[in-house]
Structures are given as structure tokens and as C-alpha cells.
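Just below is one structure, and these are the notes that go with it.
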Amino acid sequence: MRKIQKSLLVATALSFVGFSAHAADLTIWGLQAFNKKADALIEKMATDFGKEKGIDVDYIVVPANVLTERLASAFEGHAAPDVYMQLGQKSQYYAKQGLTQPLDDVLEKLRSMDGGIYESLVPQSMYDGHVHSVPIEVDVVPMYARTDLLKTAGLEIPKTWGELRTAAQAIVKANPQYTGLGLPLSNANDAETDLRMLIWSFGGSMFSKDGSEVTWNTPDTVKAYQYIADMFEEGTIPRSALTWDDAGNNTAYQTGRAAFIMNPPSVYSWMKDNNQELLDNTALINIPSGPGANGRSATMLGSFSWLVSGETEKTDMAKDWLSYFYAPDHYKEIIQATNGRWVPIFPKLTTTMPLFTDNPAFASFDALAKSGLVDGYQGPPSPLASQVYSSKVITKSVQRMLVDGDSAADAVAWAQTQIEEMSAQ
């Protein structure tokens with residue numbers, strides 16, 4: 001196993017006290033789903049699986065903002081979980097480091113189920129010709145818009161980023177305590193995702209179509225950075241966004257303080273359970289289109305994924321857990337519990353479960369799951385794209401612009417250089 005890169009070894013040994021992977025017969029780390037019902041259900045499933053197998057299973061939910069560091073520390077200390085969740089766009093990074101085991105047979109079983117799976121997710125799972133992760137769900141990312149605030153301002157739902165800025169300015173002028181655009185600008189995973197979607201919408205891309213060339217430093221990307229800087233300067237993107245964790249934009253919207261955010265359907269499911277009035281004043285819309293000839297509406301396709309540790313000696317048991325997890329009755333129950341936060345990896349469920357077919361707000365999810373852009377755009381997913389995502393190069397470059405005073409052009413050039421240096425390693 002290659003030693004995991006030092007850049008990820010931020011956490012100390014204390015950061016994973018209580019996360020030892022050797023106290024149970026099988027240890028599983030789950031990525032927090034922002035849905036307590038789903039987290040509890042998966043934990044119960046793991047316990048039931050252990051009882052069925054006559055083994056002790058330890059299931060631990062780890063918050064998204066610390067999972068990468070805790071995994072780094074656990075692998076460095078040879079105390080990694082046997083099975084772990086991670087964002088699918090990070091799969092190739094872990095595979096390249098030797099921290100995973102091939103799961104070709106598991107994916108083939110999923111593909112053989114009635115209707116197959118969304119194949120759009122498979123490229124991020126591949127490394128060196130083998131499958132190294134299996135998607136748990138499909139992350140589709142719409143934009144949430146406060147229709148009541150727009151109506152009060154006499155404005156329509158924005159279709160472009162220019163129209164969104166105008167709307168945000170009007171809403172914040174009338175409500176100075178509100179957030180216009182809830183765009184995370186911290187080192188949270190949501191920041192890396194949301195910034196990509198905005199920049200892709202302006203026509204930017206990270207790599208050429210064959211993945212051989214870094215293409216971040218373009219006029220379109222600079223325009224997107226400048227757009228962020230302008231909204232940050234005028235206050236329609238709040239300074240507090242620099243410190244948000246992965247729940248920051250959720251919280252801003254759920255407390256009625258944000259006019260627009262980009263987020264998977266966890267916010268929708270929360271409103272359905274907790275705030276019907278806010279839900280009634282919310283529209284789930286496409287990501288706005290950027291300006292110019294290369295402008296488009298761009299949403300990022302991602303997933304939570306299962307990976308099996310490259311260090312575990314319990315591979316068969318780990319795969320048995322995956323088979324148990326994806327059993328149709330178990331899996332459908334989990335999808336139902338997320339209330340739309342997780343789109344199933346099986347198209348047949350998306351097009352037959354009443355949760356999706358009876359809800360107009362979810363009408364576009366099947367199409368988004370098939371056509372969303374994957375990390376590495378315009379190129380294919382790659383270990384390099386995964387490393388860039390894990391290293392938070394894009395958010396760091398935006399922070400250089402907003403906090404350190406770099407110009408938009410300089411911040412973009414810095415990111416280009418960082419990615420090129422990574423590609424040369």
C-alpha cells in the first residue's frame with residue numbers, strides 16, 4: 001500500500017479516538033446523510049446484518065467535514081474501517097493510494113438487477129480497469145429559490161446568473177439580514193461542488209476532453225471568479241460563507257435567511273418534514289445559465305459510495321454487507337427514508353416509486369441522473385481530478401481572491417498552476 005499523501009494527514013491520532021476499526025468483527029464508517037432517519041436506518045441495518053451473521057458489527061456515522069481527515073489518520077495508523085463511505089468523486093484518489101479493493105463483482109450484481117443502474121456514475125468508480133467503489137445513491141443538485149421573496153421584489157425566477165444577481169440585490173436591499181446567494185466558500189465539500197457548478201455554467205472546465213490538458217485558466221473561468229468576488233463585495237454572498245461547514249447553506253435556507261442555494265434534495269426533505277410554509281414558497285429550479293457563447297446550465301453529478309479498505313482481511317464479510325445493503329427491500333426502504341435526498345442508483349426505482357413519480361418537484365431527477373456532469377469535466381473522472389477535489393484547490397483559490405486580495409485572474413492562474421503541479425507528480 002502506498003503511504004497516503006501527507007497533505008491529507010491533518011488530523012492527529014486524537015481525531016479518531018473512539019473510531020478504532022478493530023474492536024468489532026466488522027467496522028463500517030458511514031458518511032452523514034443529513035437525514036437522521038436514514039442514518040439511523042443504516043445503523044439498524046448494520047446491527048441486523050451482524051445478528052444474521054452472528055458477528056459484532058460497529059457502524060459509525062462520521063460528519064462529512066471531518067471524514068477525509070479521519071480516514072487519513074486511520075489509514076496512517078493502520079486502524080482503518082473495513083468498509084467506508086466516501087464521496088464518489090474521491091474514489092479514484094483512494095484507489096490510486098492503494099486504500100481500496102476491487103469491487104467488480106459487486107457492481108456486476110447491481111447491474112444485473114431489473115433495469116440496471118445509472119451508468120453515468122460508473123466512470124468515477126473506475127481505476128486501472130477495475131471498479132474500486134460502488135455508488136450508494138445519485139446526488140442531483142437543483143437550485144432552491146424563494147418564490148415569495150421574488151414575488152415581493154416583482155421578479156421572475158432567474159434563468160441566468162445575471163438575473164440571479166439582480167434578484168439577490170433586490171432581496172437583500174429589502175431584507176438586509178438575508179443572504180442573497182448561499183454559496184459556501186469554506187473548505188467544505190459543498191464549496192468545491194457548488195463552485196464547480198457555477199464556474200462550469202460560465203463555460204469553464206478543469207481538463208480537456210481527453211483529460212490530458214489542464215484548462216482551468218480561461219477568460220470564462222476568470223469571469224466566474226469575478227462574479228463571485230463582486231457578489232461577495234456587495235454582500236449578496238455573506239462573509240460568513242467563508243466559515244460554513246457542509247450544513248451551512250442548508251441551515252441558511254431552512255431558517256428562512258437565504259434567497260437562493262444549490263443543494264441536493266436534503267433541504268427539500270427537511271422542509272417537507274419540518275416547514276411546509278417554507279416549502280410552499282420554494283421552487284426547485286435548474287442551475288442558472290452563464291453568460292456568453294459558452295454559458296450553460298451545469299449541474300454536478302456525484303454520489304455517496306461504498307469502498308472496501310485495502311487493508312482489511314475481511315473482504316468476503318465486507319461484500320456480504322454490501323449485498324445485504326443493496327437487497328431490494330432494504331435498499332428501497334433507505335431511499336424512502338431519505339425522502340428524496342438520495343436518488344436511487346436504479347432507474348426503475350426513480351421512475352416507479354411514488355416518492356418520485358408523484359412529486360412534481362422531483363420530475364427532473366431521472367434526466368439529471370443521466371446527464372449531469374462528473375468531476376473532471378470536460379475530461380473523464382481521474383485520480384488527478386479526485387486529488388484536486390480532495391485537496392480543495394478551487395476553494396483555496398477563491399479564498400485567495402476574497403481573503404488575501406488576489407485578483408480574479410491571479411486566483412485562477414494560481415489554481416491552474418496547482419493542478420499542473422499535481423499532474424506532474
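These values consider heavy atoms only, across backbone and side chains, with no hydrogens, waters or symmetry-generated copies.
- For T215 (side chain) and F207 (main-chain N/O), a donor-acceptor pair under 3.5 Å exists by modelled atom type.
- With respect to the salt-bridge test (charged N to carboxylate O, under 4.0 angstrom), the residues D375 and K90 do not qualify.
- Residue-environment remark: CZ (R111) exceeds the threshold of 12 foreign heavy atoms within 6.0 Å.
- In terms of modelled atom types and a separation under 3.5 Å, the side chain of T251 and the main chain of A247 share a donor-acceptor contact.
- Put simply, the side chain of S73 never gets that close to the backbone of R70: no donor and acceptor are under 3.5 Å apart.
- Note on E119 versus K370: no salt bridge recorded, every NZ/NE/NH1/NH2 to OD/OE distance being 4.0 Å or above.
- The backbone N or O of A188 lies less than 3.5 Å from a partner atom in the side chain of S186, making a donor-acceptor pair.
- More than 12 heavy atoms of other shown residues, nucleotides or ligands fall within 6.0 angstrom of atom NZ in K319.
- Ring pair Y94/Y127: centre-to-centre distance not below 6.0 Å.
- With T179 contributing its side chain and L181 its backbone, the two residues share no donor-acceptor pair below 3.5 Å.
- If you look at Y84 and F75, their ring centroids are closer than 6.0 Å.
- Residues E192 and R196 are paired through a salt bridge, judged by an N-O separation under 4.0 Å between the basic side chain and the carboxylate.
- Between F362 and Y268, the ring center distance clears the sub-6.0 Å criterion.
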